[in-house]
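Structure in structure tokens, see below.
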Amino acid sequence: MRCPVCECTNSRVLESRSNEDHSTIRRRRECVGCGRRFTTYETVERTPLMVIKKDKRREPFQRDKLLRGVLRAVEKRPIDLQTLEDLVDQVEREIRTEFDREVPSEQLGEKVIVRLREIDGVAYVRFASVYREFRDVETFAKELMSLLNSPSG
């Protein structure tokens with residue numbers, strides 16, 4: 001690892017720590033050349049996951065894009081950011097486990113919808129209406145009735 005101060009390539013590890021989900025290791029290092037300390041992070045290199053869109057185009061999975069979509073659905077709702085980040089983490093973990101290299105956007109959206117329904121009914125309907133492309137009021141009303149008639153609704 002190259003020192004950010006003197007660019008020496010020789011350093012020693014003083015301390016190593018994993019984050020909560022053990023996906024990243026934080027290492028505190030000391031440069032042998034200049035004695036300065038610096039931090040590095042080590043993560044597993046993942047194979048890129050592609051999302052197959054409805055029109056058959058493929059684009060790389062973007063966690064931040066998924067989070068932005070969920071944030072739009074929960075706008076002005078009493079839901080904290082950590083809950084939403086956990087939702088996106090769960091969905092990403094699940095699709096990476098279930099799908100090797102490509103995931104249909106329909107599957108991705110349905111996984112979000114299931115979790116949003118558990119968190120907030122309004123956010124669920126907002127996300128579902130955009131994602132499932134409700135074309136008319138009747139479709140929207142059916143979805144609302146389904147939500148109202150469900151045990152958790």
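Just so we're clear, the structure is a prediction, and the values are computed from it rather than from any experiment.
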Between Ile25 and Arg17, is a side-chain contact (heavy atoms from CB on, under 4.5 Å) present by the stated rule, with each step listed?
CA-CA 5 Å; Ile25 297 175; Arg17 262 189 218 169; over 6 Å; no
Identify the two heavy atoms, one from Val74 and one from Ala123, that lie closest to each other, and give their separation to 0.1 Å.
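Residues Val74 and Ala123, closest heavy atoms: CG1-CB, 3.5 Å.
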Kindly indicate, with the supporting measurements, whether the criterion side-chain contact (heavy atoms from CB on, under 4.5 Å) is fulfilled by Arg72 and Arg126.
CA-CA 9 Å; Arg72 276 192 301 274; Arg126 286 177 180 170; over 6 Å; no
With Asp86, which residues qualify under salt bridge (Lys or Arg N to Asp or Glu O under 4.0 Å), at least two apart?
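Salt bridge (Lys or Arg N to Asp or Glu O under 4.0 Å) check on Asp86 returns nothing, list empty.
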To the nearest 0.5 Å, how far apart are CG in Leu87 and CD1 in Ile119?
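Here the interatomic distance stands at 4.5 Å.
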Closest approach of Ser11 to Met1 (non-hydrogen atoms, all atoms of both residues)
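In this case the closest contact between Ser11 and Met1 is OG-O, 4.0 Å.
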Are the side chains of Arg115 and Gln90 in contact, using a 4.5 Å heavy-atom criterion?
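Contact flag for Gln90/Arg115 side chains = yes.
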What residues form a salt bridge (Lys or Arg N to Asp or Glu O under 4.0 Å) with Arg27, not counting sequence neighbours?
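For Arg27, the residues satisfying salt bridge (Lys or Arg N to Asp or Glu O under 4.0 Å) (neighbours in sequence not counted) are Glu42.
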Output every pair passing salt bridge (charged side-chain N to carboxylate O under 4.0 Å, His left out) with a member in residues 99-114, not counting sequence neighbours, ordered by first then second residue.
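Every pair satisfying salt bridge (charged side-chain N to carboxylate O under 4.0 Å, His left out) with a residue in residues 99-114: Arg58-Glu102, Glu94-Lys111, Glu98-Lys111, Glu110-Arg132.
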Hey, are the side chains of Val112 and Val88 touching, using non-hydrogen atoms and a 4.5 Å cut-off?
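Of all side-chain heavy-atom pairs linking Val88 with Val112, none is under 4.5 Å.
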Rounded to the nearest 0.5 Å, how far does CD of Glu30 lie from CZ of Phe38?
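Spacing of CZ (Phe38) from CD (Glu30) equals 9.5 Å.
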Determine whether Asp89 and Arg63 satisfy the following criterion, side-chain contact (heavy atoms from CB on, under 4.5 Å), listing intermediate values before the conclusion.
CA-CA 8 Å; Asp89 287 344; Arg63 184 186 185 285; 2.5 Å; yes
Test side chain to side chain contact (heavy atoms under 4.5 Å, CB included) applied to Glu7 - qualifying residues, sequence neighbours left out:
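With sequence neighbours excluded, Glu7 shows a side chain to side chain contact (heavy atoms under 4.5 Å, CB included) to Arg2, given in chain and number order.
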Work out which heavy atom in Gly109 is nearest to a heavy atom in Phe127; give both atom names and the distance.
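Scanning both residues completely, I find the closest heavy atoms to be O-CE2, 3.9 Å.
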Do the side chain of Ser129 and the main chain of Val125 share a donor and acceptor less than 3.5 angstrom apart?
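Yes; at least one donor-acceptor contact below 3.5 Å.
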Using side-chain hydrogen bond (donor to acceptor under 3.5 Å, both in side chains) as the criterion, list what pairs up with Gln107, not counting sequence neighbours.
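For Gln107, no residue satisfies side-chain hydrogen bond (donor to acceptor under 3.5 Å, both in side chains) once neighbours in sequence are set aside.
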Applying side chain to side chain contact (heavy atoms under 4.5 Å, CB included), can you list everything that pairs with Val5, at least two apart in sequence or on another chain?
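Val5 satisfies side chain to side chain contact (heavy atoms under 4.5 Å, CB included) with Cys3, Cys34, Arg36 only.
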Measuring only between side-chain heavy atoms, which start at C-beta, is Leu14 closer than 4.5 Å to Arg37?
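SC-SC contact between Leu14 and Arg37 confirmed.
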Partners meeting side-chain hydrogen bond (donor to acceptor under 3.5 Å, both in side chains) with Arg68 (sequence neighbours left out)
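Testing Arg68 for side-chain hydrogen bond (donor to acceptor under 3.5 Å, both in side chains), a comparison that skips the adjacent residues, returns Asp64.
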Ile79 and Ile113: same hydrophobic cluster, using ILVMFWY side-chain contacts below 4.5 Å?
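Same cluster.
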Tell me every residue that passes side-chain hydrogen bond (donor to acceptor under 3.5 Å, both in side chains) with Arg77, counting only those two or more places apart in sequence or in another chain.
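With neighbours one apart ignored, the set is Asp120.
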Decide salt bridge (charged side-chain N to carboxylate O under 4.0 Å, His left out) for Lys53 and Asp55; before the verdict, give the C-alpha distance in whole Å, the side-chain angles of both, and the deciding distance to 0.1 Å.
CA-CA 5 Å; Lys53 306 297 276 185; Asp55 65 2; over 6 Å; no
Can you list the residues that meet the side-chain hydrogen bond (donor to acceptor under 3.5 Å, both in side chains) rule with Lys65, with sequence neighbours excluded?
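With neighbours one apart ignored, the set is Glu59.
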Non-hydrogen atoms of Ser16 and Val13 that approach each other most closely:
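Answer, listing the atom of Ser16 first, then Val13: OG-CG1, 3.6 Å.
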Side chain to side chain, Cys31 and Cys8, heavy atoms closer than 4.5 Å
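A side-chain contact exists here, since the closest heavy-atom pair is under 4.5 Å.
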Listed by chain and number, what are the side chain to side chain contact (heavy atoms under 4.5 Å, CB included) partners of Arg26, not counting sequence neighbours?
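Here the qualifying residues are Glu15, Arg28, Thr39, Tyr41.
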Partner residues of Leu49 under the side chain to side chain contact (heavy atoms under 4.5 Å, CB included) criterion, sequence neighbours left out
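Side chain to side chain contact (heavy atoms under 4.5 Å, CB included) list for Leu49, sorted by chain: Phe61, Ile95, Arg96, Val103.
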Could you list who else is in Val32's hydrophobic cluster, with ILVMFWY side chains joined at under 4.5 Å, directly or through other members?
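Besides Val32, the cluster holds no residue at all.
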When hydrophobic residues are tied together by side-chain contacts of less than 4.5 Å, even through go-betweens, does Leu71 share a cluster with Leu108?
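Yes, same cluster.
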With clusters defined by side-chain heavy atoms of hydrophobic residues (ILVMFWY) lying less than 4.5 Å apart, directly or transitively, does Val91 cluster with Met50?
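Result: no, two separate clusters.
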